[in-house]
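Just so we're clear, the structure is a prediction, and the values are computed from it rather than from any experiment.
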Amino acid sequence: MNEYDWMAERFEAHRGHLRAVAYRMLGSLSEADDAVQEAWLKLTRADTSDVTNLGGWLTTVVGRVCLDMLRSRRARREEPLGVHVPDPIISSADGLDPEQEALLADSVGLALLVVLEQLAPAERLAFVLHDTFAVPFEEIGPILGRTPAAAKQLASRARRRVRGAEPTSDGDLASQRAVVEAFLTAARGGDMEGLLAILDPDVVARPDTGAVVHGARALATNAITFARYASAGRLALINGVPGLIAMDGERVRSVMAFTIRGGKVTALDILVDPDRLARLDISPLG
């Protein structure tokens, strides 16, 4: 085995972890792949003879690449004016495949990614690298061009925002799935009372285009209005949590990720952008 092949083999051993880091940083599967590829190019050009922890070195490289990409987004004013729903990871309702399990290690629901999208790039990097991947602040500080103490403050600020805004589901997957199935059944049947029974009074629906919907009755009315898509709705796991794929024939019309607490739907994050939907991989659904 020559040196290039040896280096490629070592890199491949870390690829899944690096893609997970980049996905949390960017909320985009294609951009995450671009960031990982950029890390590989940097590795091939670098002298790593004195690197004792290649995984840690690559993690900080990917973090730096993602930070530059996030800053570039803002410089080009690509940040959405409203809610931005990150790329969902779709899998069969029966479970994740090994690659998806690696990408979603430590659980990264769509609702959490929506919150991360609201952080400043430096806050997001400090929080993701430290709180999710246990990178020490002594390594995070240089990426940001700040002291370790300043990086710690950024992570702390991000942590407070995440804890204050992150809606997390409770209960096991089976009980969550039962609520999603009840939602689908009620929407298909135009059952307003059935929908109101499983929607929290203060439920919020956040589509990536259009206005945010507040309140159970408004959401139930919308669900019934679009009930013809629910007739072809399919249960799926969205980032490891029960959700729905609304279909119109063979066309995906929306992806809905549910947040469920106390047996009630408290939030819906909905991807409806047709261009992004067309790029989704729904092959795990069969």
Side-chain angles (χ1 to χ4, degrees), residues 1-73 78 86-91 95-110 112-113 116-117 119 121-146 148 151 154-155 158 239-240 276 279-281 283-284:
M1 179 182 295
N2 60 38
E3 183 177 354
Y4 181 89
D5 290 339
W6 176 77
M7 185 182 299
E9 185 176 274
R10 294 182 70 198
F11 182 82
E12 286 302 317
H14 297 287
R15 180 181 290 275
H17 165 77
L18 298 176
R19 193 165 183 247
V21 172
Y23 176 58
R24 284 163 175 76
M25 282 293 300
L26 301 169
S28 164
L29 293 169
S30 61
E31 288 185 352
D33 288 336
D34 290 343
V36 172
Q37 182 61 23
E38 180 64 22
W40 162 247
L41 294 176
K42 289 182 179 295
L43 176 62
T44 61
R45 299 166 185 158
D47 178 7
T48 58
S49 57
D50 60 346
V51 174
T52 58
N53 179 3
L54 183 62
W57 186 88
L58 287 169
T59 298
T60 58
V61 168
V62 166
R64 185 174 285 109
V65 170
C66 291
L67 181 65
D68 290 342
M69 293 172 74
L70 288 174
R71 286 172 171 169
S72 180
R73 277 186 198 172
E78 291 183 0
D87 290 351
I89 298 170
I90 299 171
S91 50
L96 302 169
D97 64 32
E99 183 177 345
Q100 291 171 330
E101 285 182 348
L103 192 57
L104 292 173
D106 300 319
S107 180
V108 56
L110 214 58
L112 171 60
L113 287 173
L116 293 182
E117 291 286 330
L119 300 178
E123 291 176 337
R124 187 168 186 170
L125 180 133
F127 175 81
V128 167
L129 289 190
H130 183 268
D131 284 41
T132 306
F133 296 102
V135 177
F137 290 118
E138 287 74 17
E139 296 178 20
I140 296 174
I143 299 175
L144 296 171
R146 307 192 186 198
L154 286 170
N239 285 52
R276 295 180 62 203
R279 295 194 294 268
L280 290 180
D281 178 14
S283 59

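Residues Val65 and Lys42 are in side-chain contact: their nearest non-hydrogen atoms beyond the backbone lie under 4.5 Å apart. The closest side-chain heavy-atom distance from Val21 to His17 is below 4.5 Å. Residues Leu29 and Ile89 form a side-chain contact, since some pair of their non-hydrogen atoms from C-beta on lies under 4.5 Å apart. Within the 4.5 Å cutoff, no side-chain heavy atoms of Ile143 are placed close to those of Val135. Phe11 places none of its side-chain heavy atoms less than 4.5 Å from the side chain of Met7. Side-chain atoms of Leu43 and Thr48, non-hydrogen and from C-beta on, do get closer than 4.5 Å to each other. Arg146 places none of its side-chain heavy atoms less than 4.5 Å from the side chain of Phe137.
Considering all non-hydrogen atoms of both residues, Met69 and Ala35 come closest at SD-CB, 4.1 Å. What you find for Asp131 and Ala155 is that their closest heavy atoms are OD1-CB, 4.5 Å. The two residues Val128 and Met25 make their nearest non-hydrogen contact at CB-SD, 4.0 Å. Closest of all the heavy-atom pairs between Gly55 and His14 is CA-CE1, 3.5 Å. Across Val62 and Ala22, no two heavy atoms sit closer than the pair CG1-CB, 4.0 Å. The two residues Leu26 and Ala32 have their closest heavy-atom pair at CD1-N, 3.9 Å.
The line from OG of Ser28 to CZ of Arg276 is 7.5 Å long, rounded to the nearest 0.5 Å. Note: Arg64 CZ to Thr60 OG1 = 6.0 Å, rounded to the nearest 0.5 Å. A distance of 11.5 Å separates CG in Leu18 from CD in Gln37, rounded to the nearest 0.5 Å. Note: Tyr23 OH to Leu113 CG = 5.0 Å, rounded to the nearest 0.5 Å. The distance from the CH2 atom of Trp40 to the CD atom of Glu12 is 8.0 Å, given to the nearest 0.5 Å. Considering NE2 of His130 and CG of Leu154, their distance stands at 12.5 Å, rounded to 0.5 Å.
Side-chain atoms of Asn239 never come within 3.5 Å of backbone atoms of Pro88 as a donor-acceptor pair (strictly under, hydrogens ignored). The closest donor-acceptor contact from the side chain of Thr132 to the backbone of Leu129 lies at 3.5 Å or more, if one exists at all. Between the side chain of Ser72 and the backbone N or O of Asp68, no donor-acceptor pair lies under 3.5 Å.
When each of Arg73, Arg24, Arg19 is paired with Glu31, the salt bridge (Lys or Arg N to Asp or Glu O under 4.0 Å) condition holds for Arg73 and for no other.
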